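Ligands are counted one by one from 1 in listed order, and the atoms in each one are counted from 1 as well. All figures in this text were calculated on a predicted structure; none of them were measured in a lab.
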Amino acid sequence: MNVDQLRSRIAGRVIEPGDPEYGDARKLFYGGMDRKPAHIVRVAGPADVAHTIEFARDSGLELAVRSGGHSVAGHSVNDGGVVIDLHDMRGLAIDATARTAWAETGLTALDYTAASHEHGLATGFGDSGSVGIGGLTLGGGVGYLSRKQGLTIDNLIAADVVTADGELVHADAESHSDLFWAIRGGGGNFGVATRFQYRLHEVGTVYGGMLILPATADAIASFIAAAEAAPDELSAIASVMPAPPMPFLSPDQVGKRVILAMIVCTGPLDAAARAVAPFRSLAEPIADMLRPMPYPEIYPPEAPNYHPIASSRTMLVDTVDPNVVMEHLDASKAKFQVAQIRVLGGAIARVPVNATAYAHRARRIMVNVACLYEQPEEAAIHDVWADRFWRALQNGEPGAYVNFLGIDGPSRLREAYPGDTWDRLCAVKSRYDPANVFRLNQNVPPARGGAVVRKLES
Ligand SMILES: Cc1cc2nc3c(=O)[nH]c(=O)nc-3n(C[C@H](O)[C@H](O)[C@H](O)COP(=O)(O)OP(=O)(O)OC[C@H]3O[C@@H](n4cnc5c(N)ncnc54)[C@H](O)[C@@H]3O)c2cc1C
């Protein structure tokens, strides 16, 4: 198939260099990349996806898949290749009685959350409204409802996936259960997910928002202890970082290192107010914006043209040494540096470790360290900083959450998928994508000899 034939067969459209939309269509959330795909295919449905896969295979062009464009590694755009862009696939069908929703994968976390809020319902995603439900769900999905309701994948009931041979497959616990296992944590390795069916939970008004505390080693340690002691209804993300300019901060407070915590507590508001109280009393708050609020307000508006350049490392740990945090933040030469700490546990830990491809159920804390800077050429020095920071913090079995990995190399990918998880993913890969068509991702290669598995079984 050539590109003209592709164009004539799809209901969507092909965006190419010179088209007015091309400049924006090739941009990802992260800046510092200047990749120019030959064809960005804004697909309108699974048939378009299948045609585009066929076109990429026939033409030998590299294939990227993009939902929300927040890939930390920049995997959802390429140079000279084809991008399947799900941007226009934003259908959402909510069954408020059954508390389920079918969502096309071009939706963002905020699109979905705002719509489900109309019914007083929610499915948990991550901490940013602009992140795509596509990539986020396939990698796991850790966010504000995780300790109560599990990861996003723990609320995934089914998915429609177009596989490497163009077949539209419905995967759930009964049908293609191996694929359903793999896409819950294994990322975009197995096909293009066109829609997901999620479980919804009653989440209307929550008690939460932003709490800013002075960052001292004691306050960081106490924050982690409070988050671990909190009821499952409460999930907190604490970023140790310089205070950004905000209307309620005085000029002398801006730039001072703070713990900027985002907290969500579900359930009865009086109990939630009691659950957040220990955080408020850790130190004299610099700003206390915790209050009853509609859940979608946890996703504040984002500047559409914000494309930071970052060096980052992610890890799963059992403890955090706050002195190491302070020392390494001090050592950064970047404009902005952050250590983001998420206490896990709760419902995440109650799912058996082998039930999904997210293998870190027992890990207590996720930490992401990152710095932001202006010139891509500076990356090398900041990567060294991030590496040192990560190595200094790492404790327990080395672990990584795949959705926060950048170009971190094969050993870190194995930390995302330890032990049996890796072997099982490779086996599923060889069944659904033996030629590794979907390789521009945190790539799991097909197990050797796997190409015959599907043939024999079909
Ligand atoms: C600012 C920011 C905040 C974040 N916060 C959180 C958070 O709180 N919790 C959390 O869990 N993660 C978080 N992440 C990580 C995020 O989950 C991953 O970057 C995720 O891959 C982004 O999904 P996307 O669809 O926006 O990205 P894209 O760049 O569109 O896709 C990333 C990759 O996912 C695969 N993919 C995407 N859609 C599909 C699909 N439909 N079918 C097949 N493969 C697909 C592809 O391999 C693609 O390269 C954050 C990332 C950023 C940049």
Would you mind checking which non-hydrogen protein atom is closest to [atom], with the distance to 0.1 Å?
atom	result
atom 52 (C) of ligand 1	His70 CD2, 3.8 Å
atom 4 (C) of ligand 1	Asp127 OD1, 3.6 Å
atom 29 (O) of ligand 1	Ser76 OG, 2.5 Å
atom 33 (C) of ligand 1	Val65 O, 4.4 Å
atom 9 (N) of ligand 1	Val142 O, 2.7 Å
atom 45 (C) of ligand 1	Leu138 CD1, 3.4 Å
atom 49 (O) of ligand 1	His75 CB, 3.4 Å
atom 37 (C) of ligand 1	Gly135 N, 3.4 Å

Check your understanding: So which heavy atom on Asp172 is nearest to which on Ala158, and how close?
Key ->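 Minimum heavy-atom separation between Asp172 and Ala158: CB-CB, 3.8 Å.
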Can [X] and [Y] be counted as having a side-chain donor-acceptor contact under 3.5 angstrom?
X	Y	result
His170	Asp160	yes
Asp433	Asn189	no
Asn403	Gln442	no
Ser130	His70	yes
Tyr198	Thr137	yes

Ring centre gap for [X] and [Y] strictly below 6.0 Å:
X	Y	answer
His117	Tyr295	no
Tyr112	Tyr299	no
Phe190	Phe438	no

Any non-hydrogen atom of [X] lying under 4.0 Å from ligand 1?
X	answer
Gly191	yes
Gln442	no
Phe125	no
Gly141	yes
Gly69	yes

Check your understanding: Which atoms of ligand 1 have any heavy atom of Asn441 under 4.0 Å away?
Key ->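 Those of ligand 1 that fall under 4.0 Å from Asn441 are 47 (O).
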Point to revise | Distance filter under 4.0 Å to Leu86 heavy atoms, resulting ligand 1 atoms | key: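 Result: 40 (C), 41 (N).
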Review point. If hydrogens are left out, which of Phe404, Tyr30, Tyr358 has an atom nearest to atom 6 (C) of ligand 1, that is, the closest non-hydrogen atom?
Key: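 Looking at heavy atoms only, Phe404 sits closest to atom 6 (C) of ligand 1.
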Review point. Judging by distance only, is a nitrogen or oxygen of Val192 under 3.5 angstrom from one on ligand 1?
Key: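 N/O-N/O distance under 3.5 Å: no.
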Point to revise | Lys36 with Glu16: basic N within carboxylate O range, under 4.0 Å | key: no
